[in-house]
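Predicted model, so just to flag it, every value in this text is computed and none were measured. All residue numbers in this chain count up from 1 along the given sequence.
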Amino acid sequence: NNMWSCLAGFIEPGESIEDAVRRETLEEAGIVCGEVKYFRSQPWPFPMSLMIGCHARAESTNITVDRTELEDARWFTRDEVALMFTGRHPEGISIPPPIAIAHHIIRAWVEEGDGVFD
């Protein structure tokens, strides 16, 4: 399986959603983020959690993967990701299915680009 998804993590006590997105992205991938925009939420029964989806604007492009948290991380263009939705990515890469909030976060970015921040 060659599926790629979004970064994820948990909010710390007393932390805002936006700060959690910035912290997790920095910790897991070494990417500094500025603007964070709430997208939508999804109940998740394992372990009785609420998944909160956001889009974040990267302020850096260098990636430093925390191998204890992630198998890998990389950038994709919108055109590449659009190919993933149709099963035509040249590397056979796919995205999570529609049951996952990551699918919808990714789809919104492919369809709207920077419009996700409006």
Please determine whether a side-chain nitrogen of the Lys or Arg among Asp118 and Lys37 lies less than 4.0 Å from a carboxylate oxygen of the Asp or Glu.
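No, this pair does not count.
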Side-chain ion pair, Glu28 and Arg22, N-O less than 4.0 Å
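The answer is no: the pair does not qualify as a salt bridge.
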Would you say [X]'s side chain and [Y]'s backbone share a donor-acceptor pair under 3.5 angstrom?
X	Y	value
Arg78	Trp109	yes
Glu69	Asp66	no
Gln42	Ile99	yes
His55	Val116	no
Ser41	Met51	no

Single-linkage hydrophobic cluster [X]~[Y], side-chain heavy atoms < 4.5 angstrom:
X	Y	answer
Phe85	Phe76	yes
Trp44	Ile105	yes
Val110	Trp4	yes

For Phe10, the rest of its hydrophobic cluster, which grows through side-chain links under 4.5 angstrom:
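For Phe10, no cluster forms, as it stays isolated from other hydrophobic side chains.
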Partners meeting salt bridge (charged side-chain N to carboxylate O under 4.0 Å, His left out) with Asp79 (sequence neighbours left out)
none
Answer whether the closest heavy-atom distance between the side chains of [X] and [Y] falls below 4.5 Å.
X	Y	answer
Arg23	Glu12	yes
Cys33	Leu26	no
Trp75	Ile31	yes
Ile52	Phe39	no

If you measure from CD1 on Ile95 to OG on Ser5, what distance do you get to the nearest 0.5 Å?
8.5 Å
